[in-house]
Each structure stands twice: as structure tokens, then as C-alpha cells.
Amino acid sequence: MEQKILELLNNIYPVDFIKVEAVTNEMFRCSAKQGEYFARMTNYKGYDEQLEEVTYTNYLHKEGLGVSPAIVSINGKEVEKIAFNHKEVLTVLYESAAGKHLSRNQWQANVLKELGRQIGKLHRLSRKFEEIHPTRYIKDWYQNEEYAFLKYIPEEETTIRAVAQEILTKIKNMPKDKSNYGLLHGDLWLENILVDRDVKLSMVDFQDCEKNFYIFDLAVPIYSAIEYSFVGGGNIIEYDRGITKAIIEGYQEENDLPKEMLEKLPLFIKLKEVFEYSLMHMYWNKERLTEEQIRIMNHFRMRIEKDHSFLDTNSLFFD
């Protein structure tokens, strides 16, 4: 498969590819004489939505944000249609982003504060982008299939379904305007952030970019850090407060964060938690669950049913 993709990419891009390796079934690492690249080959979104996404990310790159630019094909296209395995696949080629993934214990306050700062800059640029290029194809969050919680969470799980419905209703009914709602990354968990030696950050994988309340782009990395990067040896409550404080302080250096939106942060962290649980039902093969998958599902189920909060609202306001 990789050899076929190598030939296809060499035929349509002005880059001399030497090797292609699969990272996932949709993403491929491409080594070339000119450097490292990543090719995304997926019909996850239609052509118009992918093109709008690439226009957005290229704009962010040109404005100085740490985002990988897309490479234009020899046909002058940023999104190419490639015939592969008897079907047409939409393909985007990106320059490799600078930096590396940090280990769990390296997500210190200085890195998280810089992450908050870059998210604040991202949202400022997003507002500017939408003034220049009003979006037509990138969807509002609730229009995406992944938010159809009640379609995927089993009917017998009545408590979780009630929690999911309440969260969706509250957020859909929140007043929105250009100051609190717009284009954002949508999936800024820690694996989608690369860090170099100078603590410069790169954001990757904008495939899930959507229109949502900006606070969601803060909820996701806070949720991710609490869920995945706490390594023990300390107080989990203090750790939660510390990472939240760092990200919010960084954000506020670049962008306004009204108190009324900050108060909604626990709600959006809960949205992310139910979102993850729903995805398990959406994508995992229920007939062939591994022991680890069963453990994870049970952990999420118990936590949501008991309405365990990741974050103490009182810890969000700092002197």
C-alpha cells in the first residue's frame, strides 16, 4: 500500500518523495529529499469542507501561528482527488510541524501557560479570518455526527443519557456572538500539540475544526491534561488547579475571557467527557471489546453516573 501511495504522491506534488509510512489508516509520514511531510488521505469530510479547513489553517500559518501549511499540488490545488483502491480519496499534503510530543511528566506550568497563550492567539486570528472568509461549509459543533450522543449511548443507560441531554440543551441554549463563538481547533488534546526546545508550540490535526464556543478549546487540553498527564506523587486537586490556572492565565495574555464564559468551563469539560464516552460506543466493536476497553468504558460510566467533576468551579477564579 505504502509503495502505491508513494507513486501517487510523486505524480501530483512538486516534492521528491523517498518513503511513505502509515501512521494511521488516514495519515502517512512522507520522507522526501526536501524534508518531512504528512499526507492526509480521507473522505471524513467532503471536498468543500476540507478546502475551507485548509484555507483556514494556511491563513493561521501565514499569520505566524504554529500550524503546518498545506503544499499545493502541481495542479495548483490544496485538496487533491486521488484514485486509490478503486475509489476517490481526498488528499492534503502538509509540511511536518516543528517540535515533538512531550512525555506525560513534561507538561509543566510554563508549557501549559504557553499553550493557553497560543490558543488565545488562535481565537483572535479565527475571528479575523471569518471576517475575511465567512465560512460556508465548516459545521457548527452540534451538526457533527460525533455529538449525536443519544444515537450511540445505549438506551438502558438512562442516567448517562439524561446527563448527555442536559449538557447538550444547556450549551445549545447559551447566547452566542462573535466574541465567544466561532472557528476553533476542536480537538486540542495534548497529543495534537508539539513542543520544541524553546517551548514554541505547533498545533496539528485540524480535521475536527468546527464552530463552537471558544471556551471548548480550553476545556479539551485541560481535560486531556487531567485525564492523561497526572503522574502521581502529588495532590490531584492541586494539580488540576495548577494546570487550569496556567492555561487560563496564558490565554488572557492574548485574548479576553469573560467571567461568564469562564464559569462555563466545567460544563464544557463535562461535554468533552460525554463526547469521549459516546465515541467509544460509536467506534469500538462491542462484540470484540478488549479487557482494557471494558475497563475504560466502566470507568467513564461510573464517573459520569456519579456526576464526578474534574474541576472545582471555585478554583477557576484567581487573585
Side-chain angles (χ1 to χ4, degrees), residues 1-32 34-62 65-97 122 126 129-130 132-148 182-189 191-192 194 202-212 279 282-283:
M1 179 180 72
E2 283 90 347
Q3 185 60 34
K4 178 62 175 176
I5 293 173
L6 177 67
E7 294 172 6
L8 290 169
L9 294 178
N10 270 324
N11 285 336
I12 62 170
Y13 287 103
V15 182
D16 302 306
F17 294 108
I18 302 167
K19 184 180 180 182
V20 171
E21 300 173 279
V23 179
T24 68
N25 58 0
E26 295 181 342
M27 188 66 74
F28 300 87
R29 182 183 293 107
C30 307
S31 301
Q34 294 88 343
E36 294 291 314
Y37 300 82
F38 283 88
R40 186 181 76 193
M41 303 177 67
T42 177
N43 291 331
Y44 171 70
K45 293 179 178 177
Y47 179 85
D48 290 326
E49 190 172 359
Q50 287 202 37
L51 182 59
E52 196 164 68
E53 173 206 327
V54 172
T55 303
Y56 172 49
T57 54
N58 278 349
Y59 171 83
L60 295 174
H61 172 77
K62 289 174 184 175
L65 201 67
V67 174
S68 297
I71 304 300
V72 177
S73 72
I74 59 174
N75 301 317
K77 295 181 178 180
E78 293 166 323
V79 179
E80 270 286 357
K81 298 177 181 179
I82 293 180
F84 180 66
N85 282 349
H86 309 293
K87 64 179 181 180
E88 190 175 73
V89 182
L90 298 175
T91 301
V92 181
L93 181 69
Y94 295 97
E95 285 185 15
S96 182
L122 166 68
S126 293
F129 173 81
E130 289 195 88
I132 303 168
H133 305 281
T135 51
R136 297 175 56 196
Y137 300 103
I138 295 176
K139 299 174 183 177
D140 287 285
W141 64 279
Y142 54 83
Q143 295 176 307
N144 291 319
E145 183 68 12
E146 287 87 351
Y147 289 95
L183 265 180
L184 42 70
H185 184 288
D187 191 25
L188 274 176
W189 70 302
E191 284 294 306
N192 282 336
L194 305 179
S202 296
M203 301 178 188
V204 299
D205 192 6
F206 276 75
Q207 181 165 292
D208 291 314
C209 71
E210 61 192 13
K211 286 181 276 189
N212 201 338
L279 286 187
M282 185 174 178
Y283 289 116

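Along the sequence shown, residues carry numbers from 1. Because only heavy atoms are used, hydrogens play no part in the values below, and waters and symmetry mates are left out as well, while side chains stay in.
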Query raised in the report: Can you find a side-chain donor-acceptor pair between Tyr13 and Asn75 that sits under 3.5 Å?
Result: no

Query raised in the report: Side chains of Leu90 and Thr42: closer than 4.5 Å at any heavy-atom pair?
Result: no

Query raised in the report: Is any side-chain heavy atom of Ile138 less than 4.5 Å from a side-chain heavy atom of Cys209?
Result: yes

Report task. Taking the side chain as every heavy atom from C-beta outward, state whether Glu95 and Ile71 have any pair of such atoms under 4.5 Å apart. Result -> yes

Query raised in the report: Are a donor atom and an acceptor atom from the side chains of Ser73 and Glu80 found within less than 3.5 Å of each other?
Result: yes

Query - Close side-chain approach of Val54 to Tyr94, heavy-atom, < 4.5 Å - result: yes

Query raised in the report: Any side-chain heavy atom of Lys77 within less than 4.5 Å of one from Ile12?
Result: no

Query raised in the report: So, does Asn11 use its side chain to make a donor-acceptor pair with the main chain of Glu7 at under 3.5 Å?
Result: yes

Report summary line: CD of Glu78 to OG1 of Thr57, rounded to nearest 0.5 Å, is 8.0 Å

Query raised in the report: Any salt bridge between Glu21 and Lys19, counting N to O under 4.0 Å?
Result: yes

Query raised in the report: Can you tell me how far the CE atom of Met203 sits from the CG atom of Leu60, to the nearest 0.5 Å?
Result: 8.5 Å

Query raised in the report: Yes or no on side-chain contact (heavy atoms from CB on, under 4.5 Å) for Arg40 and Thr91, after CA distance, side-chain angles and deciding distance?
Result: CA-CA 6 Å; Arg40 186 181 76 193; Thr91 301; over 6 Å; no

Query raised in the report: Within the distance-only criterion (no hydrogens, no angle test), does the side chain of Asn58 pair as donor or acceptor with the backbone N or O of Ala70 below 3.5 angstrom?
Result: yes

Report task. Identify, with sequence neighbours excluded, every residue that meets side chain to side chain contact (heavy atoms under 4.5 Å, CB included) alongside Val23. Result -> Met27, Arg29, Phe38

**Report entry** Residues Lys45 and Glu53 bridged, charged N to O under 4.0 Å
**Finding:** yes

Query raised in the report: Taking Glu210 for the side chain and Gly186 for the main chain, is one N or O donor matched with an acceptor at less than 3.5 Å?
Result: no

Query raised in the report: Short question: side chain of Gln143, backbone of Asp140 - any donor-acceptor pair under 3.5 Å?
Result: yes

Requested in this report: Check whether any side-chain heavy atom of Phe17 lies under 4.5 Å from a side-chain heavy atom of Leu8, and answer yes or no.
Outcome: no

**Report entry** side-chain contact (heavy atoms from CB on, under 4.5 Å) evaluation trace for Asp187 with Trp189
**Finding:** CA-CA 6 Å; Asp187 191 25; Trp189 70 302; 3.5 Å; yes

Query raised in the report: Quick one: are Asp208 and Tyr44 in side-chain contact, heavy atoms under 4.5 Å?
Result: yes

Query - Distance (rounded to the nearest 0.5 Å) between Thr55 OG1 and Gln50 CD - result: 11.5 Å

Query - Sidechain-backbone polar pair: Glu52 side chain, Arg136 backbone, donor-acceptor under 3.5 Å - result: yes

**Report entry** Residues forming a side chain to side chain contact (heavy atoms under 4.5 Å, CB included) with Glu130, sequence neighbours excluded
**Finding:** Thr135, Leu183, Lys211, Tyr214

**Report entry** Sequence-distant partners of Ile5, side chain to side chain contact (heavy atoms under 4.5 Å, CB included), two or more places apart
**Finding:** Met1, Leu9, Val20, Phe28, Met41, Phe84

Report task. Give the minimum heavy-atom separation between Leu122 and Tyr56, together with the two atoms involved. Result -> CD1-OH, 3.6 Å

Query raised in the report: Would a distance-only check, ignoring hydrogens and angles, find a side-chain to backbone donor-acceptor pair under 3.5 Å from His133 to Tyr59?
Result: no

Query raised in the report: Atom OG of Ser68 and atom CG of Asp205: how far apart are they, to the nearest 0.5 Å?
Result: 10.5 Å

Requested in this report: Check whether any side-chain heavy atom of Glu36 lies under 4.5 Å from a side-chain heavy atom of Ser31, and answer yes or no.
Outcome: yes

